[in-house]
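Scroll down for the structure; my scribbles are underneath it.
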Amino acid sequence: MNLKILFLSVTFAAVTWSQHTFGQREAIDSMKLELHAIERSENFSPDKPYIDLINHLGELYYNLDPDSTFLLGMKSLDASEKVGYIEGVVDAYRNIGAYHNLRGEYEQAMGFFREGLLIAEENQYWKGLANTYHSIGLNYYDRGILEESVTAYLKSLEIKEKHLSKIEQSRTLSNLGLVFLDMEDTDRALNYHQRALAIRKEANDQLGVASSMLNIGDIYKHTGAYDQALENFQSSLAIGTAIDNKRLASASHFNIGEINLAQQNFAEALFHFESGLSLDQEIKDKAGTAEDYLGIGEAQMNLGKLTAAKNAFQESLEMAMESNLKSVIQRAHLLLSKLNEMQRNATAALYHFKLHKAYQDSIFNQDSEKQIQKLAAEYAFEKKEAELLQQQRENELRNEARMEQRLRMGVTIILVILLVAFFVALRSIRYQVKARGVVTRQKNELEALNKKILQQKNEIEKVANQLFEVNQTKDKLFSIVGHDLKSPINSLKGLMQYVVDEKLSQEEFLLVSAQLRNEVEQVHFTLINLLHWAKSQMKGIVTDTEKVSINKILKENISLYKPVSEAKDIAIIDLLSPQTDCLADREQCNLIVRNLLNNALKFTNRGGQVQISSNKINDSFWEIAIQDDGIGMDNTTLSRLFTPVLKEKHRYGTAGEKGTGLGLQLTKDFICKNGGEIHVESELGKGSKFTFTLPIA
């Protein structure tokens, strides 16, 4: 549902004489002068023309200053009750209800509409009855209840075709076009809008013509005919600006923004959405403001301003939730799902997508089209039947005219009695309306409190989950310390005790010191990996990118592992391209190279070799390969290479070296965090090749 089109089919009767010669502002100023002149006249007392003038002025203010519509409606209601003017009461209730409808207070609006409907039906006030049904259709449309909206509009159209002018019919025709467009019936929607446009052109109704152009433009936009749509929207914007109709200008800006979004002109789209937002905030249009924030967020998301986009979507969602705008809610959840997916927040993306689907399914149901077709058929049948009965009715009226003279005196007495009873009942209705308002306000406060309690519950559950994860991490740390550090530390302790107790000679000590150094180096390397892994598990990996020389890091690590390579007689061959510089975190790069080199040395047999090489990929990435001719891996080992199980036994190196299994997991995490990828090729007995990429500096 496009809330940015709906307002154009105005709830009220059109401005007639004033729009033919003036813009809306000029018409309002003229009517205000006339109103003040009446009120300043001698022996002023409210009468029917005065009340009609107040209600008419309230209708004009609806698009420009809704607060004035409300105040004039209350003023008209008071005056109408004092003089017993039924039509004035109905129109006042409609103005007051329309004000609440525009503010998104739909239940309060519906209360006023129903009161006016009851009075209009009892008194056969056709214009008031038709326009009130029109207002009810608008109320249901705003809330996404399309079946009820169509029912109300068809009732309004039927009354207008029987009793009112063509210009009155055009407004209901236009709104029926909007509903059928939401039902994806573009042919029927276009037909209704074209009928309305023809009537408005004939009546020289400038605002009505702009409204129909905007609605027809929306159909072209819906079918992908963007050039035709843009032409209609720009024309309606020109008219809205010329007659100072902020709501018309806002809708035009919004739709031009959507066309620019579709054509990927995101900066231009953002300008029009922000222009529409400024106008809607000025006239306090909650529904329009919620739509504007959606457009702003979508444009910013496509421009890469993800934080600003998220804030805009949240603003739209909050306003839509307050006013129960189902279509805006489901679209906001869909866009939030896409944004979280871009931010790689899979949990939040899935959460918003599920809510989007739930609201989408609630807007339309399978029986909608059947119900609309049934209503349309019933309306066509009733129209034909009414034409057949019209002749019979005219004959009856001739007979009734003869009886009218005889009954006039008796009816007059009865009407006086009924009028007194009516005013007593009307006063009681006013008190009931006020009471309903109090109940509605209390209900809203209770819903807000329940929402706050639910938010607190969710926060508590989130903290509990975090504590559970921290406790699991603690257990993993204790397991590693107990299983993987205890053994080499005990071995180290035994060697040191042996050195002390046996009082070794220098030659014997040198032999033992080599093993002692290997044990110390193994414990140190294990501890470094363990600390980095624990930090990544508890606080997340923080990457501080800078220009890093892989050549320098490799040389440092070759020097570090020189005792190991010499002890196993393994040749380390440096084939890196000169100035292999990457844009990455220096410390993390060091750990990546150290782990992969350590792994290669560990699983290479005595007398083997390890080769390190690099290659540019599309002038964007360095591809670095560390290849050994060691014992290699089978498919089972390859499949679980980067997902170690802490309590599982790990493979030993060719000289009995042992590790925690965390090194390769850390290596993959750091490479991905720095924007690269890692791949492994291995065959049992023929060695392994680890290849990873990092961005070129």
Side-chain angles (χ1 to χ4, degrees), residues 1-6 103-104 106 142-144 182 218 221-222 250-251 253-364 447-448 451-452 454-456 458-459 462:
M1 181 187 300
N2 191 347
L3 299 176
K4 299 296 291 185
I5 295 296
L6 185 58
R103 289 169 58 86
Y106 298 116
D142 278 347
R143 291 190 284 174
D182 281 349
D218 191 55
K221 178 182 70 176
H222 189 78
S250 168
H253 276 301
F254 179 88
N255 283 281
I256 293 172
E258 286 206 321
I259 293 294
N260 280 290
L261 265 186
Q263 295 178 334
Q264 298 185 352
N265 299 326
F266 302 123
E268 186 72 10
L270 182 60
F271 165 79
H272 285 286
F273 287 136
E274 289 177 341
S275 298
L277 175 64
S278 176
L279 293 169
D280 282 332
Q281 288 177 333
E282 186 176 343
I283 60 178
K284 300 179 181 178
D285 183 355
K286 289 184 178 180
T289 301
E291 285 272 334
D292 293 325
Y293 273 123
L294 277 187
I296 290 170
E298 191 169 0
Q300 290 172 329
M301 182 172 67
N302 282 286
L303 289 169
K305 302 176 182 179
L306 300 187
T307 301
K310 186 174 185 180
N311 292 335
F313 293 152
Q314 292 290 356
E315 284 283 345
S316 176
L317 184 59
E318 289 175 10
M319 297 185 72
M321 292 290 290
E322 289 176 4
S323 301
N324 194 28
L325 304 174
K326 292 183 180 179
S327 63
V328 179
I329 294 171
Q330 66 94 2
R331 286 175 58 205
H333 280 303
L334 176 61
L335 290 169
L336 281 168
S337 174
K338 291 181 179 179
L339 187 142
N340 278 286
E341 187 177 356
M342 291 173 66
Q343 294 179 323
R344 297 184 179 179
N345 190 343
T347 302
L350 180 60
Y351 166 78
H352 286 291
F353 184 77
K354 287 182 177 179
L355 288 177
H356 151 69
K357 291 297 296 179
Y359 274 97
Q360 187 181 56
D361 293 341
S362 72
I363 294 175
F364 301 103
E447 289 177 351
K451 182 179 179 182
K452 184 176 181 181
L454 181 61
Q455 289 175 343
Q456 292 175 343
N458 292 336
E459 290 175 359
K462 182 179 179 181

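Distance CG/L294 to OG1/T289: 11.5 Å, rounded to 0.5 Å. In this structure, CG in N260 is found 12.0 Å from CG in N302, a value given to the nearest 0.5 Å. With rounding to the nearest 0.5 angstrom, the CZ atom of F273 is 12.0 Å from the CG atom of D280. The CG atom of N324 sits 5.5 Å away from atom CD1 of I329, with the distance rounded to the nearest 0.5 Å. The OG atom of S278 lies 9.5 Å from the CG atom of D292; values are rounded to the nearest 0.5 Å. Separating the OG atom in S323 from the CZ atom in R143 is a distance of 11.5 Å, to the nearest 0.5 Å.
Between E258 and K221 the shortest side-chain heavy-atom distance falls below 4.5 Å. In this structure, the side chains of L339 and Q343 come closer than 4.5 Å at one or more pairs of heavy atoms. The shortest distance between side-chain heavy atoms of N340 and Y351 does not fall below 4.5 Å.
Distance alone, capped at 3.5 Å, is enough to place a donor-acceptor pair between the S275 side chain and the F271 backbone. A donor-acceptor pair is defined here as one N or O able to donate and one able to accept, closer than 3.5 Å; no such pair exists between the side chain of N265 and the backbone of E268.
Shortest non-hydrogen contact noted between M301 and L306 is O-CD2, 3.9 Å. Minimum interatomic distance between M319 and K286 (heavy atoms only, all atoms of both residues): CE-O, 3.8 Å. Among all heavy-atom pairs drawn from A299 and L261, the shortest one is CA-CD2, 4.0 Å. Residues S250 and G276 share a closest heavy-atom pair of OG-O, 3.4 Å. Minimum interatomic distance between A287 and L325 (heavy atoms only, all atoms of both residues): CA-CD1, 3.7 Å.
Between H333 and H356, a ring centre-to-centre spacing not shorter than 6.0 Å is recorded.
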For N458 and K462, run side-chain contact (heavy atoms from CB on, under 4.5 Å): C-alpha distance rounded to whole Å, both residues' side-chain angles, the deciding distance at 0.1 Å, then the answer. CA-CA 6 Å; N458 292 336; K462 182 179 179 181; over 6 Å; no

Full working for side-chain contact (heavy atoms from CB on, under 4.5 Å) between V328 and Y293: CA-CA 10 Å; V328 179; Y293 273 123; over 6 Å; no

Show your reasoning for whether side chain to side chain donor-acceptor pair (under 3.5 Å) applies to Q360 and K357. CA-CA 5 Å; Q360 187 181 56; K357 291 297 296 179; 3.2 Å; yes

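Contact check on E291 versus R331 returns a salt bridge, with a Lys/Arg side-chain nitrogen under 4.0 Å from an Asp/Glu carboxylate oxygen.
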Distance-only donor-acceptor hits, side chain of residues 309-316, under 3.5 Å, sequence neighbours excluded:
unit_1 : atom_1 : unit_2 : atom_2 : d
N311   : ND2    : T307   : O      : 3.4
S316   : OG     : A290   : O      : 2.7

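The number of heavy atoms from other shown groups lying within 6.0 Å of CD (E341) does not exceed 12. Around CD of Q264, the count of heavy atoms belonging to other residues, nucleotides or ligands within 6.0 Å does not exceed 12.
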